[in-house]
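What follows is one structure encoded as structure tokens, with my remarks underneath.
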Number of protein chains: 2
Amino acid sequence: MVNVRSEDLTARARIRDAAVARFGRDGFRAPVRAIAEDAGVSAALVIHHFGSKDALRAACDEHVLTVIREEKSAAITNASPADTIGMLARVQEYAPLFAYIVRSLLDGGALAGHFVDGLVDDAEAYLEAGEAAGTVRASADPRGRARQVIATQVGLILLAQLDAAAGRGVAPTDDPATAIDELTRASMLPGLELYTHGLFTDTSYLDAYLEYKEKP
Amino acid sequence: MVNVRSEDLTARARIRDAAVARFGRDGFRAPVRAIAEDAGVSAALVIHHFGSKDALRAACDEHVLTVIREEKSAAITNASPADTIGMLARVQEYAPLFAYIVRSLLDGGALAGHFVDGLVDDAEAYLEAGEAAGTVRASADPRGRARQVIATQVGLILLAQLDAAAGRGVAPTDDPATAIDELTRASMLPGLELYTHGLFTDTSYLDAYLEYKEKP
DNA sequence: CACCACACTAAACACTCGTTCAGCCGCGCC
DNA sequence: GGCGCGGCTGAACGAGTGTTTAGTGTGGTG
């Protein structure tokens, strides 16, 4: 049901994929029986293979992290524009993973911590590279800046989630790919504006804070 | 237990306050029995007064929204620095409300939608006032920019939440007041930097996007 | 063939939790 | 004083859910 090539997988893998999809769609309160039904097996088999529901979730976390790592290293090794577009095209395939990560984010799970840590690490590296290339300004707190950038991204996703929950998405659709598309489209212009010119017309606010930080 | 002046309140109000505190601390899966115990009443009385757990939550939402509106209008009418400091001093008192709102945010509840809408509205108004005063730059998408600013704020809270869940808060404390303090302290410098100078050294990224937007 | 390990299942168990039920208690009103 | 009414309670009900149990079939192995 979940994956087009479900028949090819072992029952254990089918259960794991079904769990990732269910958890992503319905949250971690999704019943084991529902996951079992999605995978076409009995609830008892889920426990038989994974020991407990918590262990199943841990297996999902590990699997998602593995896929992310593979995908990330693949994206780094061949980072041509064509490949990037290819990745976007496959977003449909990875949509369940994305949903799962968002759930983990909202749930405060351990996976979410590792995930955002990785994002902040990446952002910091990219920004440093940009600095070296001369396209990005220097910062007094590179880590904090990277964190700020990622926080904005995560916050925009959360806000979009809220809009969707309120039934007033920018484009009322259930398709995650176009949802992400809409999200980036709506935030691209303000984001670039902000990142290009900043918000303030002069440095008085920053100066005031720097002075206050010296002698409170 | 929850509020120092619990004895002064009617049972209904005590239950409501206990529910806000419990929901904020443990999430909306907190059992009715736990709330009842906090309020010093039986679980049956909770249902007797509110009809159901969902209705209790709705009453909590309404109550929180009311307090926010009162507090907000109070902050607008007398917006002197002293009053602002007074509000910060009372953050301890409003910490349960803050926790409740964060829970609602993570839960995607209706309250969260209204709340962030209000925040975005406020941010937009403030930015427009800054524009008029000449301290804030003009934007091609004021609403989107306000949304971006609020998203950053919300995202930072979420990230801090994740760090706390992972047991590695910047300062390991359970006190929400100092937690908020730490959060603003850690993000103030990168935020001001970003909002003052932007991220990029030139306008090439923005220009490229604007050109792409014209003819894709 | 006998047997064993293993994937797998239906049913039952145990527990949590929201809600209902039947009744108690104290207070104002006739 | 009697009496009802509303706040209030302990106990029970019933639904949902994770897990256990006892067993079934099957495929490989001696």
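By convention in this document, chain letters (A, B, ...) are assigned in the order of the sequence lines, proteins followed by strands, and residues within each chain are numbered from 1.
- Here CE of B:M188 is found 10.5 Å from CD of A:Q148. Values are rounded to the nearest 0.5 Å.
- The outermost nucleotides of DNA chain D lying under 4.0 Å from heavy atoms of chain A, listed 5' to 3', are D:dT17 to D:dT20.
- Taking CD from B:E71 and CG from B:L97, the interatomic distance works out to 9.0 Å, rounded to the nearest 0.5 Å.
- Screening residues 99-118 of chain B for side-chain hydrogen bond (donor to acceptor under 3.5 Å, both in side chains) gives A:R168-B:D117, B:R57-B:D107, B:D61-B:Y100 as the qualifying pairs, with residues at least two apart or on separate chains.
- Contacts of B:A30 with the nucleic acid, taken as non-hydrogen atoms under 4.0 Å apart, involve only primed sugar atoms and P, OP1 or OP2.
- Against DNA chain C, the stretch residues 44-62 of chain A makes heavy-atom approaches under 4.0 Å through A:A44, A:L45, A:H48, A:H49.
- First and last contacting nucleotides of DNA chain C toward chain B (any atom under 4.0 angstrom from a heavy atom, 5' to 3' order): C:dC17 to C:dT20.
- Along DNA chain C, the nucleotide nearest to A:R33 and the one nearest to A:V41 differ in position, and the one closer to the 5' end is contacted by A:V41.
- A heavy-atom distance below 4.5 Å is not found between the side chains of B:Q153 and B:L119.
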Audit row: B:T152, B:Y195, side chain to side chain contact (heavy atoms under 4.5 Å, CB included) steps and yes/no: CA-CA 12 Å; B:T152 305; B:Y195 290 157; 4.0 Å; yes
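- Counting heavy atoms from C-beta on, the side chains of B:L192 and A:F200 come closer than 4.5 Å.
- Here the straight-line distance linking atom CZ of A:F115 with atom CD1 of A:I68 works out to 4.5 Å at 0.5 Å rounding.
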Could you tabulate the donor-acceptor pairs under 3.5 Å formed by side-chain atoms of residues 39-47 of chain B, not counting sequence neighbours?
residue : atom : partner : partner atom : Å
B:S42   : OG   : B:L45   : N            : 3.3

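- The distance from atom CG of B:L106 to atom CD of A:Q161, rounded to the nearest 0.5 Å, is 11.0 Å.
- Ion pairing of A:D17 with A:R12 is absent here, as no side-chain N (NZ or NE/NH1/NH2) approaches a carboxylate O to less than 4.0 Å.
- The overall bend of the helix from C:dC1-D:dG30 to C:dC30-D:dG1, read as the angle between its terminal helix axes built from five base pairs each, is 30° when rounded to 10 degrees.
- Counting heavy atoms from C-beta outward, A:D141 and A:R147 have side chains that stay 4.5 Å or more apart.
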